[in-house]
Amino acid sequence: MPPMYSLSCFLGIFLATATHCVTASSFEACLRPQLSPAATLITGQSSNVAPRWTEYKEFSTNNVVNASTEADVQAAVRCANKAGVKFFAQSGGNAWATTWSLGENDVVINLRNMNQININAARTSIEVGGGAIVSEVIDAAYKKNTQVVTPNCNCVGIMGAMLGAGYSRFMGDSGFVIDNVLSFRVVLASGESVTVSPSSHPDLWWAMRGAGGNFGIVVSATFKAYPTLEAQNGAWVGNLVFSDEKIEQVVSAVNNLKLTSKMAIFFYFANIGAPNYTPIFMVTPFYLSGGNTTAAMAEARRAFASVLNLGPLEDTTTWTPYNEVNAGSDTFCVSGSRKVSYGAGLAQLDPATWRTIYTNYSNFLIDNGGDNVANSLVLMEAYSLQAAEENGDFSSAYAWRSTNRFNTVAIAWYTDDSLDEAANAWAGEVRDNWRATSGLRSNSTYINFAFGDETLEDIYGSNVPLLRGLKTLYDPKNKFGQFFPLYE
Ligand SMILES: Cc1cc2nc3c(=O)[nH]c(=O)nc-3n(C[C@H](O)[C@H](O)[C@H](O)COP(=O)(O)OP(=O)(O)OC[C@H]3O[C@@H](n4cnc5c(N)ncnc54)[C@H](O)[C@@H]3O)c2cc1C
Ligand SMILES: *[C@@H]1O[C@H](CO)[C@@H](O)[C@H](O)[C@H]1NC(C)=O
Ligand SMILES: *[C@@H]1O[C@H](CO)[C@@H](O)[C@H](O)[C@H]1NC(C)=O
Ligand SMILES: *[C@@H]1O[C@H](CO)[C@@H](O)[C@H](O)[C@H]1NC(C)=O
Ligand SMILES: CC(=O)N[C@H]1CO[C@H](CO)[C@@H](O)[C@@H]1O
């Protein structure tokens, strides 16, 4: 083999003439004999896994390992290390940040088929495979009349969300997804597997719950589950459509709303399409109600009276079973297209800022031909942080547990890459607007909502030095270097 080949592989340069790089084929030769019967290694240019949520800055690798067992994941990590190629663990495929540096010869370890779910007899704990997504966990829990704290969109990978914190409308009584995990099995950078829990590798237990992408691959995890009755396994949820004239009043009411443990509230600017592309202003309240009864509905409406009293044009709120609560956001889950997404955390909602954002969003739609960017949207989410705060700011590496009362994201959604510049300009300006009136001392952004250009302090806060120390201990060569890496 000419030395040129291995050098180009090392540099990650794509050579059209080289059918197989030395490093790539040595990865294959190393891994194939070790894979379990149900696992597959897919190589070549058509080997990309199913489209990721966004194609913007999407990576493309020629090696995908469909892992099936913990040993498959260990072997993939060890062989990648041996061959000198980078690897990336994927479960739901939704992360939108632009921090990747994967090349053609690198490896995706696809965990998606490791989606086994076991609920214990008491229905108080659930063991979940490293590639399971939200809908799979909810469907299993619903059948057993129990509830699990999961993200609000069916397509999201449980572990992908959990490693950053995991916001959920069900979190008011029990905290983030990271507050509900009991232990996890992790493959480290060396290929060694360990159990991580409060009593086993407590340093990783702290670090992985907030900065998890830097330390290991979770092959399974056990979470708390909350038994309930079928008739009570659900929530009051729906859409309130407001006239845009009420933006200031509604924003102010949401800002002043005290979110008790059963409550959550989102609002959106979305596009209703041709001919005017006038944005719609929609609010989606959520109340963890005690079933489909008149009394429970009245309790939910009382909790949101300050918003409901502002007179929505449309109100579709209704009791919804647990396994259908996320259905309203299924359109948000659709993969493919370019989705340039800039997020920010806020301590307050400033009505004038939201007016500016509404106007600029409207202009963005019109200036870019409406239909070309039709699914673009602006989103605000507010959760009850009651239980999360009780656990204390230092209980995990997630730095913004009690400071980010609101999480926001502006998403430019389109297919034509000639719109990249306009998309970044618009969504970036929305983020500037949010940051300027956030009420926070720093630009504190939830890792899973961040764009990718943030500083490490924006993401990890004052935990950066401690996390870097642990990174040196567990991953000195920065093998887990694809998602907001603590080292360049
Ligand atoms: C439609 C949509 C809805 C969302 N809703 C919510 C929400 O309600 N609450 C919330 O908190 N966030 C939400 N998010 C953000 C979400 O948490 C992030 O996009 C998250 O990174 C997605 O994880 P994934 O497994 O789907 O994606 P992936 O791209 O597969 O993974 C994300 C990151 O986690 C790593 N990773 C994935 N699985 C593992 C594993 N088993 N072990 C180690 N590393 C792993 C990957 O390497 C990558 O760095 C949403 C995002 C989208 C697109
Ligand atoms: C690999 O797994 C994905 C699911 O993530 C599946 O769609 C694909 O068909 C699998 N490929 C092979 C060759 O098994
Ligand atoms: C809730 O109760 C109302 C009134 O009894 C009924 O019309 C509706 O179908 C019920 N909803 C669900 C999801 O069961
Ligand atoms: C926050 O980000 C804005 C740009 O969006 C920047 O001007 C400002 O200096 C940043 N604030 C801090 C404290 O770094
Ligand atoms: C790009 C764009 O339209 N920006 C505008 C957003 O709104 C503010 C306030 O109205 C204007 O000053 C910006 O020019």
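Along the sequence shown, the residues carry numbers beginning at 1.
- Among pairs with a residue in residues 216-233, those fulfilling side-chain hydrogen bond (donor to acceptor under 3.5 Å, both in side chains) read Gln147-Asn233, Asn180-Tyr226, at least two apart in sequence or across chains.
- Legend: salt bridge (Lys or Arg N to Asp or Glu O under 4.0 Å) pairs involving residues 378-393, not counting sequence neighbours: none detected.
- Residues forming a salt bridge (Lys or Arg N to Asp or Glu O under 4.0 Å) with Glu454 (at least two apart in sequence, or on another chain): Arg431.
- Under the 30°/60° scheme for interplanar angles, the aromatic rings of Tyr287 and Phe304 are found to stand perpendicular.
- The backbone N or O of Leu102 sits nowhere less than 3.5 Å from a side-chain atom of Asp106 that would complete a donor-acceptor pair.
- The aromatic rings of Phe242 and Phe281 lie tilted to each other, with the angle between the two planes from 30° to 60°.
- Using cut-offs of 30° and 60° on the angle between ring planes, the pair Tyr167 and Tyr398 is perpendicular.
- The distance between the ring centers of Trp205 and Phe184 falls below 6.0 angstrom.
- In this model, no donor atom of one side chain and acceptor atom of the other lie less than 3.5 Å apart for Thr437 and Asn433.
- Geometrically, Arg209 does not engage Trp206 in a cation-pi contact defined by less than 6.0 Å to the ring centre and at most 45° from the axis.
- Using the six-membered ring where Trp is involved, Tyr383 and Phe266 have ring planes that are perpendicular, over 60° apart on the 30 and 60° scheme.
- Every pair passing salt bridge (Lys or Arg N to Asp or Glu O under 4.0 Å) that includes a residue from residues 462-471 is listed here, sequence neighbours excluded: Lys471-Asp475.
- In this structure Cys333 satisfies the disulfide bond (SG atoms under 2.5 Å apart) test together with Cys155, sequence neighbours excluded.
- Using modelled atom types, one finds a donor on one side chain and an acceptor on the other under 3.5 Å when comparing Ser36 with Asp72.
- The aromatic ring centres of Phe449 and Trp96 sit less than 6.0 Å apart.
- Judged purely by distance below 3.5 Å, without hydrogens or angles, the side chains of Asn255 and Gln348 never pair a donor atom with an acceptor atom.
- Geometrically, Lys57 does not engage Trp100 in a cation-pi contact, judged by NZ or CZ lying under 6.0 Å from the ring centre and within 45° of the ring axis.
- Among residues two or more places apart in sequence or in another chain, the salt bridge (Lys or Arg N to Asp or Glu O under 4.0 Å) test is passed with Asp173 by Lys262.
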